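In what follows, a structure is listed as structure tokens, so that the remarks can point back to it.
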Amino acid sequence: MRNLELARLLNELADLSDYVGESQFKSRAYRNAARLLETMQTPIESLAEQGQEALEAVPGIGKAIAEKIIAYLNTGVIPKHQQLLQLVPEGILEVMQVPGIGPKTARLLYEHLGVHDLESLQNALASGAVLQIPHFGEAKRQRLLRLTELIKKARQRRPLGTVYWLAQEKLHWLQQLPHVQNALVGGSIRRMQETIGDIDFLVATEHPEKVIAAFVQMPGTTEVFAQGDNRAQIFLEGGLQVDLKTVPPVSWGAGMLYITGSKAHSIRLREIAIERGLKLNEYGVWRGTECVARETEAEVYEALGLPYIPPPLRENSGEIERALQGSLPALVTREQIQGDLQTHSRWSDGQDTSEAMAQEALSQGYTYLALTDHVEMFAWQGDVFHLFRQRQREIERLNEQMAGRLVVLNGLEVNIDIDGTLDAPEELLKEAEIVVAGIHYGHGQEPEAMTRRLIRALEHPSVHILAHPTGRRFGKREPNDADWERVFRRAYELGKAVEVNGYTTRMDPPTPIVRILEQSGAWVALGTDAHRASDLRMMTLAVGLAQRGWLTAERVLNTRPLPELRAWLKEVRG
DNA sequence: GCCGTTTTCGGCCCGACTGTTTTCAGTCG
């Protein structure tokens with residue numbers, strides 16, 4: 001699957017195109033195509049095999065981009081991209097990453113001062129050389145100096161789980177401010193995107209100036225990038241960007257829609273508004289000067305002839321068409337989850353006791369919890385069977401204590417070896433009530449070998465769940481490649497489950513592959529892979545990822561009450 | 001570069017903030 005690498009290249013092509021001053025609509029088309037590729041479930045190479053017409057049939061891909069895609073798949077490069085790289089030093093692209101520097105400014109800097117990367121930018125700013133350039137004053141020099149320093153620290157997107165709870169804390173802080181009638185975290189966090197670039201807040205208030213003035217004093221603020229009458233942008237220590245937008249309370253719904261995005265979804269909605277003789281902005285839906293909807297998101301959608309679309313679907317990746325047909329899925333929710341299906345305790349590499357895990361599971365509102373300690377951790381500590389049975393007795397005692405409020409399931413996580421066999425004694429796996437199997441070494445195999453390896457593991461009679469299917473770790477490891485349709489189809493045939501893993505640094509599989517999973521019909525198990533009690537809250541992330549994959553409760557194993565889950569666990573093993 | 005039951009040419013979402021060029025371009029989300 002080469003969709004993501006091609007998307008990256010098209011985004012870069014868009015930046016280059018902006019820099020050389022081609023039509024902004026051209027770069028928008030490139031970015032649009034890149035975004036299509038990022039969300040597309042089908043590998044672009046299989047679409048290309050069906051010919052250029054198949055590519056051009058995708059809305060947003062025309063003749064020129066189809067040719068670029070084919071050229072890339074055949075030769076590994078896009079000629080136009082190569083050609084622009086001849087004209088533009090590569091470092092210019094990172095100069096354009098500095099907030100406030102766009103293509104025009106980058107070009108001025110290069111042409112006047114030869115600024116070609118962050119280093120030379122910093123020198124030109126520090127020496128004051130930039131002051132010779134038209135449109136440059138001292139205020140701008142100081143501002144860019146600070147921002148260049150800031151982005152050298154952090155400008156990359158961060159995993160959702162590393163920011164999600166910080167955003168909730170900051171939201172709480174915002175809600176306490178005077179004159180704040182309502183507040184919300186929007187943007188990619190509300191859409192539960194796997195990685196986020198900034199935190200976006202919306203506030204409803206009658207006194208925006210007072211709220212803005214307080215906002216820019218948020219603890220941890222190192223830079224106020226913009227501060228106006230109803231919007232502000234700040235950077236926190238560590239370079240995290242935080243945006244605030246205020247709307248009058250009456251425009252709360254339109255404001256929510258605006259702050260949540262995605263940009264592509266918003267643009268599509270605004271086009272629909274125009275088609276219907278309306279205008280959509282962050283204050284409402286307008287017919288001339290008359291406002292026809294604004295108070296709730298549902299009203300705004302309704303005014304555009306659409307049902308409410310849940311935030312995780314708002315990517316303009318088919319949700320609007322489905323909404324028009326009235327066939328949006330009823331997404332699984334956190335409240336429907338009855339238990340966690342992958343967790344670890346001190347019996348393996350977890351930090352907390354099984355009792356602490358169980359207590360936390362109770363406070364999460366669960367009725368069951370699968371303890372799935374690693375087999376090999378037992379092995380390192382001594383006799384596997386002995387330790388397993390010791391843990392089993394502990395779990396039995398715990399379950400007695402819990403008196404039916406919560407049931408801890410005696411599970412195991414087992415390694416899938418290079419050839420797809422399981423790295424554990426058969427008898428041990430049979431004794432475990434629930435077995436999740438995952439890859440922990442031997443990543444990066446060829447797709448065909450990886451496909452066969454995963455299928456073989458699924459076929460093992462003791463296995464219930466395929467854990468963290470792609471093995472990706474943010475910042476460490478790219479997702480493994482496999483023929484996911486085949487793997488998930490086999491899981492479906494066997495009646496087994498595939499995990500959607502919410503652990504902060506995993507979030508596995510990535511959204512496009514969750515969508516393939518959704519289409520396969522296979523069971524889905526949501527798990528946090530918790531290694532301490534507090535990790536159990538990551539179920540919110542697992543649910544978010546499932547929602548982005550369009551999954552409904554019917555497909556998610558752990559929406560089932562315990563008796564049904566137990567029946568399933570038995571049934572799978574025949 | 002894409003797209004089309006108004007169009008194969010002429011459109012392409014909408015608003016806010018900054019700094020500096022006294023009226024607006026560049027940038028951002």
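From a predicted model like this one, the values you see are computed outputs, not experimental measurements. Chain letters run A, B, ... following the sequence lines, proteins first, then strands; residues in each count from 1.
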| query | Within this structure, what is the CD-to-P distance between A:Gln132 and B:dT21, rounded to whole angstrom? | reply | 15 Å
| Whole Å only: how far is the CD1 atom of A:Ile101 from the C1' atom of B:dA25? | 16 Å
| task | Could you note down all residue pairs passing side chain to side chain donor-acceptor pair (under 3.5 Å) where residues 199-214 of chain A supplies at least one of them, sequence neighbours left out? | result | none
| query | Separation of A:Asn281 atom CG from B:dC14 atom P, in whole Å? | reply | 9 Å
| query | B:dC17 C1' sits how many Å from A:Phe215 CZ, rounded? | reply | 14 Å
| request: Provide the distance between the two C1' atoms, one in B:dT20 and one in B:dC9, to the nearest whole Å. | output: 38 Å
| So which one's nearest nucleotide on DNA chain B is more toward 5', A:Val58 or A:Ile212? | A:Val58
| message | Using a 4.0 Å heavy-atom cut-off, does A:Asp243 contact any base of the nucleic acid, only the sugar-phosphate backbone, or nothing at all? | response | sugar-phosphate
| task | Answer yes or no: is there an ion pair linking A:Lys152 with A:Glu149, defined by an N-O contact shorter than 4.0 Å? | result | no
| A:Glu22 and A:Ser17: side chain donor to acceptor below 3.5 Å | yes
| field | Atom-pair distance (CG on A:Leu244; C1' on B:dG29), nearest Å | value | 13 Å
| field | Whole-angstrom distance between B:dG29 and B:dC13, as gauged at atom C1' | value | 12 Å
| Between B:dT8 and B:dC3 - C1' atom distance, rounded Å | 9 Å
| query | Does any donor atom in the side chain of A:Glu138 or A:Gln142 lie under 3.5 Å from an acceptor atom in the other side chain? | reply | yes
| request: Write out all pairs satisfying side chain to side chain donor-acceptor pair (under 3.5 Å) with one or both partners inside residues 64-77 of chain A, taking only residues at least two apart or from two chains. | output: A:Glu5-A:Tyr72, A:Lys63-A:Glu67
| remark: For nucleotides 7-13 of chain B, 5' to 3', base contacts (B), sugar-phosphate-only contacts (S) and non-contacts (-) with protein non-hydrogen atoms under 4.0 Å give -----BB
| Rounded to whole angstroms, how far apart are CD1 on A:Ile259 and C1' on B:dA16? | 12 Å
| Whole-Å distance separating the CG atom of A:Leu108 from the C1' atom of B:dT21 | 13 Å
| Within this structure, what is the CG-to-C1' distance between A:Asn32 and B:dC3, rounded to whole angstrom? | 12 Å
| said: Mind checking if A:Pro134 touches a base, just sugar-phosphate, or nothing, with heavy atoms under 4.0 Å? | reply: nothing
| task | Answer with base, sugar-phosphate or nothing: what part of the nucleic acid does A:Asn230 contact at a heavy-atom distance below 4.0 Å? | result | sugar-phosphate
| query | How far, in whole Å, is B:dT23 from B:dC28 if one measures between their P atoms? | reply | 25 Å
| message | Please report the distance separating the C1' of B:dG15 from the corresponding atom of B:dG10, rounded so that it comes out in whole Å. | response | 24 Å
Under 3.5 Å, N/O pairs linking protein and nucleotides 18-20 of chain B:
from   : atom 1 : to       : atom 2 : distance (Å)
B:dT18 : OP1    : A:Gln227 : N      : 2.4
B:dT18 : OP1    : A:Gln227 : O      : 2.9
B:dT18 : OP2    : A:Gln227 : O      : 3.1
B:dT20 : OP1    : A:Gly137 : N      : 2.3
B:dT20 : OP1    : A:Gly137 : O      : 3.2

| field | Donor + acceptor pair across side chains of A:Ser120, A:Asn123 (<3.5 Å) | value | no
| query | When rounded to the nearest Å, what value does the distance between C1' atoms of B:dC17 and B:dC12 take? | reply | 24 Å
| message | On DNA chain B, does the nearest nucleotide to A:Lys245 precede the nearest nucleotide to A:Ser27 from the 5' side, or the other way round? Give the residue. | response | A:Ser27
| field | B:dT8: pairing nucleotide in any strand, Watson-Crick or G-U under 3.5 angstrom | value | none
| task | Give a yes/no on whether any side-chain N or O of A:Tyr30 is located under 4.0 angstrom from OP1 or OP2 of B:dG1. | result | yes
| query | Under 4.0 Å between a side-chain N or O of A:Tyr19 and OP1 or OP2 of B:dG26? | reply | no
| remark: Side-chain atoms of A:Lys80 come closest, of B:dG1, B:dG29, B:dT27, to B:dG1
| Should A:Arg28 and A:Asp18 count as an ion pair when the cut-off is N to O under 4.0 Å? | no
| Which residues satisfy the ring-ring contact (aromatic ring centres under 6.0 Å, His included) test with A:Trp550, sequence neighbours excluded? | none
| Does the side chain of A:Ser262 pick up a donor-acceptor pair with the side chain of A:Arg314 at under 3.5 Å? | no
Hey, can you pull the donor-acceptor pairs under 3.5 Å for the side chains in residues 510-520 of chain A, sequence neighbours left out?
from     : atom 1 : to       : atom 2 : distance (Å)
A:Thr511 : OG1    : A:Glu194 : OE2    : 2.2
A:Arg515 : NH1    : A:Ser317 : O      : 3.3
A:Arg515 : NH1    : A:Ser317 : OG     : 3.4
A:Ser520 : OG     : A:Leu517 : O      : 2.6
A:Ser520 : OG     : A:Ala522 : N      : 3.1

| task | Pick the C1' atom in B:dT18 and in B:dT22, then give their distance to the nearest Å. | result | 16 Å
| Which value, in whole Å, describes the distance between the C1' atoms of nucleotides B:dG1 and B:dT5? | 24 Å
| query | When all nucleic acid strands are considered with a 4.0 Å heavy-atom cut-off, which category describes A:Glu282: base, sugar-phosphate, or nothing? | reply | sugar-phosphate
| Side chains of A:Asp508 and A:Thr470: do they bring a donor and an acceptor to under 3.5 Å? | yes
